[in-house]
Amino acid sequence: MGFGTSALITLGCIMMRVCHLDTCPVGIATQNPELRHNYKGDPQYVVNFMKFVARDLREHMAKLGFRTVDEMIGRTDKLKQRKTDHWKGKHLDLSPILYRPENADEVGTHKMIDQNHGLENCA
């Protein structure tokens, strides 16, 4: 899951897409003291937003019968493709993506064993 953009919006970002230019008009992505003066965000805004996201996720998970996110991994049987009349989507077939093989319980769908890639030995 990615929350970077939504967290920035919560802090007041207006998505001007000039972060790399040090000209952020709301003072989030700048080191310019005059522009930073415009910043009105508060870290508590992000905390509250994430609490709302977590509550909503728990409600959806409960409807599907899950207690944890780990229980949802690989459970494509809980997904179904909606019918649409949209010209881009009406001929789209997601069944190859949603396919779950018969031996799915025996094959790992997420971390099953620890891996050591020897990164500590890299220079």
Side-chain angles (χ1 to χ4, degrees):
M1 297 178 208
F3 294 104
T5 301
S6 58
L8 283 171
I9 297 296
T10 304
L11 291 172
C13 178
I14 57 174
M15 303 298 289
M16 291 291 292
R17 309 258 187 227
V18 293
C19 306
H20 63 292
L21 300 175
D22 197 31
T23 58
C24 177
V26 292
I28 294 174
T30 183
Q31 295 301 315
N32 183 331
E34 290 183 26
L35 293 174
R36 288 189 73 156
H37 181 69
N38 297 331
Y39 179 65
K40 304 290 188 238
D42 186 319
Q44 192 60 41
Y45 299 162
V46 178
V47 171
N48 290 340
F49 171 71
M50 291 300 174
K51 285 182 179 180
F52 285 123
V53 169
R55 181 185 305 157
D56 195 46
L57 177 60
R58 283 192 299 271
E59 290 173 4
H60 285 289
M61 289 169 48
K63 287 178 188 173
L64 293 170
F66 296 116
R67 290 177 293 135
T68 67
V69 174
D70 279 347
E71 290 177 4
M72 297 189 317
I73 295 174
R75 293 296 306 273
T76 57
D77 58 308
K78 295 286 188 175
L79 301 174
K80 61 183 176 190
Q81 184 173 354
R82 285 187 288 184
K83 300 286 185 208
T84 181
D85 291 330
H86 191 275
W87 65 274
K88 282 187 178 181
K90 66 182 175 184
H91 301 294
L92 188 62
D93 177 19
L94 297 178
S95 59
I97 296 172
L98 301 177
Y99 174 75
R100 183 174 168 97
E102 293 297 322
N103 64 347
D105 294 333
E106 301 161 15
V107 178
T109 55
H110 64 290
K111 179 184 169 191
M112 301 292 286
I113 59 173
D114 287 331
Q115 298 180 19
N116 182 358
H117 299 287
L119 297 177
E120 66 277 356
N121 299 329
C122 295

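Because the structure is a prediction, the values reported are computed rather than measured.
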State whether the side chain of [X] and the backbone N or O of [Y] hold a donor-acceptor pair below 3.5 Å, judged by distance alone.
X   : Y   : result
N38 : P25 : yes
H86 : K88 : yes
D22 : Q31 : yes
E71 : M61 : no

Measure the [atom1]-[atom2] distance between [X] and [Y] for me, rounded to the nearest 0.5 Å.
X   : Y   : atom1 : atom2 : result
F66 : R75 : CZ    : CZ    : 4.5 Å
K90 : T84 : NZ    : OG1   : 9.0 Å
Q81 : D93 : CD    : CG    : 6.0 Å

Ignoring hydrogens, what is the shortest heavy-atom contact between [X] and [Y]? Give both atom names and the distance.
X   : Y   : answer
F49 : T10 : CG-OG1, 3.6 Å
C24 : A29 : SG-N, 3.6 Å
L11 : D42 : CD2-O, 3.5 Å
Y45 : K40 : CE1-O, 3.9 Å
I97 : T76 : O-CG2, 4.4 Å

Are [Y] and [X] linked, directly or through intermediate hydrophobic residues, by side-chain heavy-atom contacts shorter than 4.5 Å (ILVMFWY only)?
X   : Y   : answer
L79 : L64 : no
V53 : V46 : yes
L94 : I73 : no
I28 : I9  : no
L8  : F3  : yes

Checklist entry - Mind checking whether V69 and L57 have side chains closer than 4.5 Å, heavy atoms only? => result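 Side-chain contact under 4.5 Å: yes.
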Next on the checklist: So R55 and K51, do their side chains get closer than 4.5 Å, heavy atoms only?
Outcome noted: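 Counting from C-beta outward, K51 and R55 never come under 4.5 Å.
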Next on the checklist: Other residues, nucleotides and ligands only: do more than 12 of their heavy atoms fall within 6.0 Å of CG on N121?
Outcome noted: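 Counting other residues, nucleotides and ligands, CG of N121 exceeds 12 neighbours.
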Next on the checklist: Quick check on M16: does its CE atom have over 12 non-hydrogen neighbours (other residues, nucleotides or ligands) under 6.0 Å away?
Outcome noted: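 12 or below, so no.
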Item to check | Derivation and outcome, side-chain hydrogen bond (donor to acceptor under 3.5 Å, both in side chains), residues D70 and T68 | outcome: CA-CA 5 Å; D70 279 347; T68 67; 5.5 Å; no
